[in-house]
Amino acid sequence: QCEEAAYEERQYPAGKWACVTKGEPMYEQSISMSFMKLMRYICKENSVGCYLGMTVPVLNEIHLTQQGTELEREVITAYYLPGEFQQNPPVPMDPEIHITERAPLRVITRVFYGMTTEETILREISLFWELLGSTDTVHRETYIVAAYENPSIPQRRNEIWFIRRA
């Protein structure tokens with residue numbers, strides 16, 4: 001019986017992402033509204049007028065308040081454009097969707113299951129810090145929640161990403 005690794009390190013290449021920034025009162029509202037906008041873009045509301053194809057994970061970039069006890073309201077939800085659209089991304093019909101070139105990313109990542117709420121995310125960040133111990137090789141103010149499955153799946157697979165310093 002093989003025990004699952006507590007966390008792993010990964011490197012992601014640079015690439016183009018469709019991003020929406022929302023600052024609703026609750027984290028869940030921000031990601032839900034942003035994801036619906038991105039789904040409309042993916043499905044047809046783009047300059048080529050066709051389905052672009054779904055990629056995973058969908059990323060939610062979050063920032064902690066200075067005290068580190070809660071999330072800042074503003075969340076960036078990002079969808080990686082499929083390979084065939086990386087060079088020439090379809091233009092979104094929705095002005096709130098921005099196409100962004102993101103730099104290569106090195107992350108330390110840990111899996112968790114279930115709903116992503118402010119409470120569960122703060123708990124996962126705290127648990128991950130306990131696991132890692134004291135280190136200054138990762139950022140403490142910006143984190144990424146990576147979602148791999150449809151939000152309606154009760155025990156969906158997510159990851160918390162700690163971003164490595166350059």
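These numbers were taken from a predicted model, which means no experiment stands behind them. Start at 1 with the first residue, then count along the sequence.
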[X] versus [Y], closest heavy-atom pair with distance:
X: M93; Y: N46; value: CE-O, 3.3 Å
X: A18; Y: I97; value: CB-CG2, 4.0 Å
X: P25; Y: Q29; value: CD-OE1, 3.4 Å
X: Y41; Y: P90; value: OH-O, 2.7 Å
X: E159; Y: F112; value: C-CE2, 3.7 Å

By side-chain contact (heavy atoms from CB on, under 4.5 Å) - contacts of [X] (at least two apart):
X: T137; result: T135, R164
X: C43; result: M39, Y51
X: T142; result: E61, H63, I163
X: T69; result: T65, Q67

With salt bridge (Lys or Arg N to Asp or Glu O under 4.0 Å) as the rule and sequence neighbours excluded, what pairs involving [range] come up?
range: residues 62-72; value: none
range: residues 142-154; value: none
range: residues 135-146; value: none

Going only through I, L, V, M, F, W and Y residues with side-chain contacts under 4.5 Å, is there a path from [X] to [Y]?
X: M33; Y: I62; answer: no
X: I31; Y: V56; answer: no
X: F162; Y: L64; answer: yes
X: L132; Y: I144; answer: no

Practice problem: State which residues pass ring-ring contact (aromatic ring centres under 6.0 Å, His included) with Y148; sequence neighbours excluded, sorted by chain then number. | Solution: none

Quiz item: Which one of I108, T109, V138 satisfies the side chain to side chain contact (heavy atoms under 4.5 Å, CB included) criterion with F128?
Solution: I108

Quiz item: Is there a donor-acceptor pair under 3.5 Å between the side chain of N158 and the backbone N or O of A147?
Solution: no

Quiz item: Would you say the side-chain atoms of S30 pair up with the backbone N or O of E24, donor to acceptor, closer than 3.5 Å?
Solution: yes

Exercise. With sequence neighbours excluded, give me every side-chain hydrogen bond (donor to acceptor under 3.5 Å, both in side chains) pair touching residues 115-132.
Key: R73-E118, R110-E124, T116-R156, T117-T120, W129-Y143

Quiz item: Among all residues two or more places apart in sequence or in another chain, which pass the salt bridge (charged side-chain N to carboxylate O under 4.0 Å, His left out) test with K22?
Solution: E96

Practice problem: Please identify each residue that fulfils salt bridge (charged side-chain N to carboxylate O under 4.0 Å, His left out) with K16, with sequence neighbours left out. | Solution: E101

Exercise. Return yes when atom CD of Q87 has more than 12 non-hydrogen atoms of other residues, nucleotides or ligands closer than 6.0 Å, and no otherwise.
Key: no

Quiz item: Given side chains that start at C-beta, do those of R157 and Y113 come closer than 4.5 Å, heavy atoms only?
Solution: yes

Check residues 74-84 and write down every donor-acceptor pair under 3.5 Å in which the side-chain atom is one partner and the other belongs to a residue at least two apart or another chain.
| residue | atom | partner | partner atom | Å |
| --- | --- | --- | --- | --- |
| T77 | OG1 | N60 | OD1 | 2.7 |
| Y79 | OH | G53 | O | 2.5 |

